[in-house]
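Take a look at the structure below.
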Amino acid sequence: MVQNRRLVPVDPPFHRARIENPLSQTDWEIRAVGARRPKYITFDCYGTLTNFQMGPLARQIFADQVSPENMDAFLADFAYYRLDEVLGDWKPYSEVLCNSIERTTRKWGLPYREDQALQFYDAVPTWGPHPDVPAGLARIASEIPLVILSNAMNEHIQSNVDKLGAPFAHIFTAQDANAYKPRLQAFEYMFDQLGCAPEEAMHVSSSFRYDHMSARDMGYGWRVFVARGHEPSLTPHYATHEIEDIGGLAGLMGL
């Protein structure tokens, strides 16, 4: 059964309904994908499938340096710098994290310690999935090939994928593509490897800034936002469907 969530059909050629008030979703009900299924479902991994623990780990590491009332703002700066660090040429994720921590601590007038920054890098492969992920993926894995496109290092990603409890046909990393999302180069690399056009695929992510804005520009046929709560919904503009968790995918596929 399709979950009672809201959906706004957007931009042609895939959806031609006119949105009278693009900021309101009141008049739109969720729709299943329909008879034309995607050839692949591509996923963001960290944050969407894997429970990304950068924030909680930073709270632990900097608990004695950042006051509780300032911690949310500190974590926001750390997140902003991580995004900024991946917008240029590819570099190892350890450098992304070290540079992000150095810039954050410098802004806050704190000493930078590389050993603290590397704790984040070493923790990444230990993180497991959100609770809804294994069962949600299991319901669709036998029907449509699943693919991961992740801002990951090759030495990390398999450990995270093994914890998801579902088979993936392909796993692509930023290291493979020589580019991080949201750069289009990462998506172009994946589609070149798949031999598939973007309009034939569905992308699933909990991030607009890293994924869905680029996915819309690439021309994905279906773009599913997973409302994990770490970004506000921009579904009327950049996604075609919105679900609360991965369990909602089966309903979208009519399974």
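Numbers for residues simply follow the sequence, beginning at 1.
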**N/O donor-acceptor pair under 3.5 Å between Tyr180 side chain and Lys91 backbone** = yes

**Message:** Could you check whether His130 and Asp245, counting side-chain N and O atoms only, form a donor-acceptor pair closer than 3.5 Å?
**Reply:** no

**Request:** Without swapping roles, check the side chain of His203 against the backbone of Ile41 for a donor-acceptor pair under 3.5 Å.
**Result:** no

**Prompt:** Of the non-hydrogen atoms in Pro129 and Leu164, which two are nearest, and what is the gap between them?
**Reply:** CB-CD2, 3.7 Å

**Message:** Between Thr104 and Tyr112, does the side chain to side chain donor-acceptor pair (under 3.5 Å) criterion hold? Intermediate values first, please.
**Reply:** CA-CA 9 Å; Thr104 305; Tyr112 167 68; over 6 Å; no

**Request:** Would you please classify the geometry between the Phe52 ring and the Trp127 ring as parallel, tilted or perpendicular, with 30° and 60° separating the classes?
**Result:** perpendicular

**Asked** Does the Thr50 side chain pair with the main chain of Gly47, one donor and one acceptor, at a distance under 3.5 Å?
**Response** no

**Message:** One pair to check against side-chain contact (heavy atoms from CB on, under 4.5 Å): Met54 and Val124. What are the steps and the verdict?
**Reply:** CA-CA 8 Å; Met54 285 289 174; Val124 171; 4.0 Å; yes

**Message:** Is there a side-chain contact between Arg37 and Ile144 in this structure, where contact means two heavy atoms from C-beta onward sitting under 4.5 Å apart?
**Reply:** yes

**Step-by-step side-chain contact (heavy atoms from CB on, under 4.5 Å) determination, Glu85 to Arg103** = CA-CA 10 Å; Glu85 284 290 327; Arg103 294 171 71 184; 2.8 Å; yes

**Message:** With no hydrogens and no angle check, just 3.5 Å: does a side-chain donor-acceptor pair link Ser214 and Asp217?
**Reply:** no

**Message:** Tell me the closest heavy-atom pair linking Pro125 and Tyr121, and the distance in Å.
**Reply:** CD-O, 3.7 Å

**Item:** Contacts of type side-chain hydrogen bond (donor to acceptor under 3.5 Å, both in side chains), residue Thr126, not counting sequence neighbours
**Value:** none

**Message:** Could you check whether any side-chain N or O of Gln65 sits under 3.5 Å from a backbone N or O of Phe62, counting only pairs where one atom can act as donor and the other as acceptor?
**Reply:** no

**Asked** Is it true that the NZ or CZ of Arg82 lies under 6.0 Å from the centre of Tyr80's six-membered ring and within 45 degrees of the ring axis?
**Response** no

**Prompt:** Which atom pair, heavy atoms only, marks the closest approach of Leu75 to Ala58?
**Reply:** CD2-CB, 3.4 Å

**Leu97 side chain near Tyr81 side chain, heavy-atom distance below 4.5 Å** = no

**Complete:** When rounded to the nearest 0.5 Å, the distance separating SG of Cys98 from CG of Leu118 is 4.0 Å

**Request:** Please say which of Arg228, Lys181, Arg223 ends up in a salt bridge (charged side-chain N to carboxylate O under 4.0 Å, His left out) with Asp44.
**Result:** Lys181

**Item:** Check: Ser159/Asp162 side-chain N/O donor and acceptor closer than 3.5 Å
**Value:** no

**Prompt:** More than 12 non-hydrogen atoms from neighbouring residues, nucleotides or ligands closer than 6.0 Å to CZ on Arg209, yes or no?
**Reply:** no

**Prompt:** Is Phe172 reachable from Met218 through a run of hydrophobic residues whose side-chain heavy atoms are each under 4.5 Å from the next?
**Reply:** yes

**Message:** Atom NZ of residue position Lys39 - does it have more than 12 heavy atoms of other residues, nucleotides or ligands inside 6.0 Å?
**Reply:** no

**Message:** Could you measure the distance from the NE2 atom of His212 to the CD atom of Glu242? Nearest 0.5 Å is fine.
**Reply:** 9.5 Å

**Message:** Aromatic contact between Phe208 and His237, with the criterion being ring centroids under 6.0 Å apart: yes or no?
**Reply:** no

**Prompt:** Which heavy atom of Pro167 sits nearest a heavy atom of Leu146, and at what distance?
**Reply:** O-CD1, 3.8 Å

**Prompt:** Any side-chain donor-acceptor pair under 3.5 Å between Gln53 and Asn51?
**Reply:** yes

**Item:** Separation between CZ of Phe225 and OG of Ser205, rounded to the nearest 0.5 Å
**Value:** 8.0 Å

**Asked** Could you walk me through whether Phe168 and Leu137 pass the side-chain contact (heavy atoms from CB on, under 4.5 Å) check?
**Response** CA-CA 10 Å; Phe168 282 84; Leu137 292 178; 3.8 Å; yes

**Asked** Any chance the side chains of Ser233 and Thr235 put a donor and an acceptor closer than 3.5 Å?
**Response** yes

**Residue pair Trp108 / Asp77, side-chain donor-acceptor N/O under 3.5 Å** = yes

**Request:** Check whether any side-chain heavy atom of Leu234 lies under 4.5 Å from a side-chain heavy atom of Met213, and answer yes or no.
**Result:** yes

**Request:** Drop me the distance from Phe78's CZ to Ser100's OG, to the nearest 0.5 angstrom.
**Result:** 6.0 Å

**Asked** Within a strict 4.5 Å, meaning less than it, do heavy atoms of the Met153 and Ser94 side chains meet?
**Response** no

**Fill in**
Taking every heavy atom of Leu49 against every heavy atom of Val133, the minimum-distance pair comes out as O-CG2, 3.4 Å

**Asked** Atom CD1 in Ile140, atom CE in Met202: separation rounded to 0.5 Å?
**Response** 8.0 Å

**Request:** Please check if the side chain of Gln175 supplies one atom and the backbone of Asn154 the other of a donor-acceptor pair under 3.5 Å.
**Result:** yes

**Fill in**
Separation between CG (Asp89) and CG (Asn178), nearest 0.5 Å, reads 8.0 Å

**Request:** Identify the two heavy atoms, one from Asp115 and one from Arg113, that lie closest to each other, and give their separation to 0.1 Å.
**Result:** OD2-NH2, 2.7 Å

**Request:** Check the pair Ile171, Val161 against side-chain contact (heavy atoms from CB on, under 4.5 Å), reporting the backbone distance first and the verdict last.
**Result:** CA-CA 9 Å; Ile171 301 168; Val161 172; 3.8 Å; yes

Show me, pair by pair, the donor-acceptor contacts under 3.5 angstrom made by side chains of residues 187-196, not counting sequence neighbours?
none

**Asked** Short question: side chain of Asp176, backbone of Thr173 - any donor-acceptor pair under 3.5 Å?
**Response** yes

